[in-house]
Amino acid sequence: MNVFLPLRKLQTLLICSIFMNISLLALAADPSLLIKDLGEGHCLVRVNTTQKYLLLPVEDASPDVRISMIADNKEVKNFDVRLAINKVDYFVPVDLSDYSGKLVSFKFKMNSNDPVRVNLSPDNTACCREMKLSDTFDTTNREKFRPVYHFSPLYGWMNDPNGMVYKDGEYHLFYQHNPYGSKWGNMNWGHAISKDLINWEHRPDAITPDAFGTIFSGSAVVDHNNTAGFGAGAIIAIYTQNGDRQVQSIAYSTDNGRTFTKYADNPVLVSEARDFRDPKVFWYERTKRWIMVLAVGQEMQIFSSPNLKNWIFESSFGKGQGAHGNVWECPDLFELPVEGTNEKKWVLLCSLGDGPFGDSATQYFVGTFNGKEFVNESPSKTKWMDWGKDHYATVTWSDAPDNRRIAIAWMSNWQYANDVPTSQYRSPNSVPRDLSLFTVDGETYLQSAPSPELLKLRDVSKKRSFKVNGTRIIKDMIAGNEGAYEIELTIENQHADVIGFRLYNDKGEEVNMQYDMKEKKFSMDRRKSGDVGFNENFPMLTWTAIESGKDELKLRLFVDKSSVEAFGDGGRFVMTNQVFPSEPYTHIDFYSKGGAYKVDSFVIYKLKK
């Protein structure tokens, strides 16, 4: 029977059309919301829009359903949701507050190309039973792996950091965000603000999809001189829109990044290239022009503009340079001083899916830039910024104070990012890192040191020194250890062939790290680190070469619930790896092979915000 249940204060109709071979009939648990079958796969949903959110149940194993939101006979939003079929993994909110008192419609459509055909019958469809209205959306942390001091989104998927800019004492972090699920999709620019790079205020999504496509990666600048005409000091975002083709668009903010207005004449740059994305923009003082570096296929293209609107091609870089196993992404170009000299050199960052241990890594090039062309000083060498599996899409803040060059990266890997054992959110960022250059044997390399703001996290500490000739076990490294701590090590080698140490817990899960002094390598082994079975590419030993002839070794380890970041010799080498232990690593043992070594200083700090 087609019967409407009575509703209190009915103000809005939500009309849902399910385009598939079966019909849908369901009554949501919330008495203010009715789903009524209209036949032939259509349904009608009535809600009381004095409530702020429609909460949609999600099951990550389900196929995507395209949802179109319509107000005043116009589509105001569309997005994909993995609507729950058998069980509810979590809920995602659809914000109704801007449409209070209006007739709003939702149209649902299965992807016709999806090989999975789902029976959304009224008897077994969890999304219909559990869909509800609410004035609130609970973002209380429900994840044991959520980091303490690394940035992670309140909910939903996150990948590349975007649009990082500093203005008036605030660091703005934008990022690739899916607010409708914990797998990749529905790309928006998420947004957070910090005064210290540690404590973040979560903001609503700043830039959302429109007719030109979803919002892919990009950058942001402060237009101090009003070159674009949006106002002196406006923050201007430059980003890729991904639709039928990838194009570059801009948006501006005159309220310090709280809200953005899209430029009426978007897009500002187009191309026939299919992979044409991730603009990094900066002001080049010598030519008084804006410079844009774009990832185009397996090269970087450089453009210039006087006003951020009209761009001309200057040059391309990449043929025969570095690694080329996949498309290039996420460029960044900046100048840095060379340690111990009065010289400065330019650094070009480039992320790609062909790192030293498989997918997802950041390579870099060192050279010169004249406002038009970048020239790599070592075209025969490939240099990696981080030697772990989980450091991708590295970019830096524009306009950082004191001429600092501060970088952050997405701490995951495309091989398994959709599979890691979290659901409320997926993926954190790395800790912030201050960049500089150093030279060894005439070759210039990038150094990534933990940003000094991280020192503020230090709480309880304990210092020890001892000699290792065989094995030395330290149980319960620090009181109240909940998995967020920093270790500082200074080691003097006394003829050991292997200098090793192992973080572990009472479940037998471990992360094993060692210096192989004969092979001149540092390695990190996470193959027994905890949950490693969710993807075959996750269990891995990663390693990097270390400088020869050193008897004193310095290492800082940042451990945070589900990650370990190792910084050797002030950041001359860095290794970032995720881990998913069933309980925190509370113990450490040191071991030697072929000789002894002295731990001059072993300091562990409990870290908290």
Side-chain angles (χ1 to χ4, degrees), residues 355-358 384 386-391 440-441 445 447-448 450 462-477 485-530 532 538-559 563-579 581 585-604:
F357 306 105
W384 300 105
D386 189 291
W387 291 87
K389 285 283 285 186
D390 296 305
H391 188 267
V440 176
D441 298 331
Y445 297 96
Q447 179 167 300
S448 301
K462 192 169 184 177
K463 182 176 181 179
R464 303 172 178 89
S465 60
F466 45 85
K467 186 173 181 177
V468 179
N469 189 1
T471 302
R472 172 69 180 260
I473 299 174
I474 299 176
K475 300 281 284 186
D476 301 322
M477 290 182 288
Y485 52 89
E486 177 193 352
I487 293 174
E488 276 191 309
L489 280 171
T490 302
I491 296 172
E492 178 189 341
N493 190 22
Q494 298 177 346
H495 309 297
D497 293 332
V498 172
I499 295 170
F501 37 94
R502 186 173 63 97
L503 297 172
Y504 65 101
N505 60 26
D506 291 332
K507 302 291 187 180
E509 298 163 344
E510 65 177 50
V511 179
N512 190 7
M513 288 163 275
Q514 62 177 231
Y515 290 91
D516 187 321
M517 304 307 291
K518 283 190 171 182
E519 296 292 329
K520 302 300 178 187
K521 291 180 179 179
F522 174 85
S523 64
M524 185 186 301
D525 188 348
R526 69 176 181 192
R527 288 175 291 185
K528 299 178 181 178
S529 58
V532 299
F538 189 81
M540 174 67 68
L541 182 148
T542 57
W543 63 271
T544 181
I546 58 175
E547 294 178 52
S548 60
K550 282 196 169 187
D551 288 327
E552 184 181 75
L553 307 170
K554 292 182 179 291
L555 188 71
R556 289 175 71 182
L557 297 175
F558 287 85
V559 182
S563 63
V564 180
E565 291 167 276
F567 294 83
D569 296 327
R572 290 195 171 205
F573 73 81
V574 188
M575 190 172 290
T576 302
N577 284 313
Q578 292 185 95
V579 290
Y585 306 124
T586 52
H587 319 304
I588 187 170
D589 67 22
F590 293 83
Y591 60 91
S592 66
K593 296 180 182 178
Y597 62 90
K598 181 183 178 184
V599 178
D600 286 329
S601 177
F602 168 63
V603 187
I604 179 168

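Only this structure's heavy atoms are used, side chains among them; waters, hydrogens and symmetry mates stay out.
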Q.
What's the separation between atom CZ in Phe357 and atom CG in Leu541, rounded to the nearest 0.5 Å?
A. 7.5 Å
Q. Just how far is it from atom OH of Tyr504 to atom OG1 of Thr586, taken to the nearest 0.5 Å?
A. 8.0 Å
Would you mind writing out the side-chain donor-acceptor pairs for residues 563-573 within the sub-3.5 Å range, not counting sequence neighbours?
from: Glu565; atom 1: OE1; to: His150; atom 2: NE2; distance (Å): 2.4
from: Glu565; atom 1: OE2; to: Val431; atom 2: N; distance (Å): 3.2
from: Glu565; atom 1: OE2; to: Arg433; atom 2: NH2; distance (Å): 2.6
from: Asp569; atom 1: OD1; to: Lys554; atom 2: N; distance (Å): 3.3
from: Asp569; atom 1: OD2; to: Lys550; atom 2: NZ; distance (Å): 3.4
from: Arg572; atom 1: NH1; to: Glu547; atom 2: OE1; distance (Å): 3.4
from: Arg572; atom 1: NH1; to: Glu547; atom 2: OE2; distance (Å): 3.1
from: Arg572; atom 1: NH2; to: Glu339; atom 2: OE2; distance (Å): 2.9

Q. Do the side chain of Tyr585 and the main chain of Ser529 share a donor and acceptor less than 3.5 angstrom apart?
A. yes
Q) How are the rings of Phe466 and Phe590 set relative to one another: parallel (under 30°), tilted (30 to 60°) or perpendicular (over 60°)? A) perpendicular
Q. From Arg472 CZ over to Tyr597 OH, what is the distance, rounded to the nearest 0.5 angstrom?
A. 10.5 Å
Q. Going from NZ on Lys389 to CD on Gln578, what distance comes out if it is rounded to the nearest 0.5 angstrom?
A. 11.0 Å
Q) Roughly how far, to the nearest 0.5 Å, is the OG1 atom of Thr542 from the CE atom of Met524? A) 6.0 Å
Q. What pairs with Lys507 under salt bridge (charged side-chain N to carboxylate O under 4.0 Å, His left out), at least two apart in sequence or on another chain?
A. none
Q | Contact summary for Gly500 and Gln514, nearest pair of heavy atoms | A | CA-CB, 3.8 Å
(Q) Would you say that Leu489 contacts Met513 through its side chain, given a criterion of any heavy-atom pair below 4.5 Å between the two side chains? (A) no
Q. Where is the tightest heavy-atom contact between Met575 and Ser523, given as atom of each residue plus distance?
A. SD-C, 4.4 Å
Q. What's the spacing between His587 NE2 and Ile474 CD1 if we round to 0.5 Å?
A. 12.0 Å
**Q.** Donor + acceptor pair across side chains of Ser448, Asp386 (<3.5 Å)
**A.** no
Q.
Determine whether a donor-acceptor pair (N or O, by modelled atom type, separation under 3.5 Å) exists between the side chain of Ser592 and the backbone of Ile499.
A. no
Q. Quick one: do Lys518 and Asp516 make a salt bridge, cutoff under 4.0 Å?
A. no
Q) Does the separation of the ring centres of Tyr515 and Phe522 fall below 6.0 angstrom? A) yes
Q. Mind checking what makes salt bridge (charged side-chain N to carboxylate O under 4.0 Å, His left out) contact with Arg527, not counting sequence neighbours?
A. Asp525
(Q) Apply salt bridge (Lys or Arg N to Asp or Glu O under 4.0 Å) to residues Asp497 and Lys593 and explain how you reach the verdict. (A) CA-CA 6 Å; Asp497 293 332; Lys593 296 180 182 178; over 6 Å; no
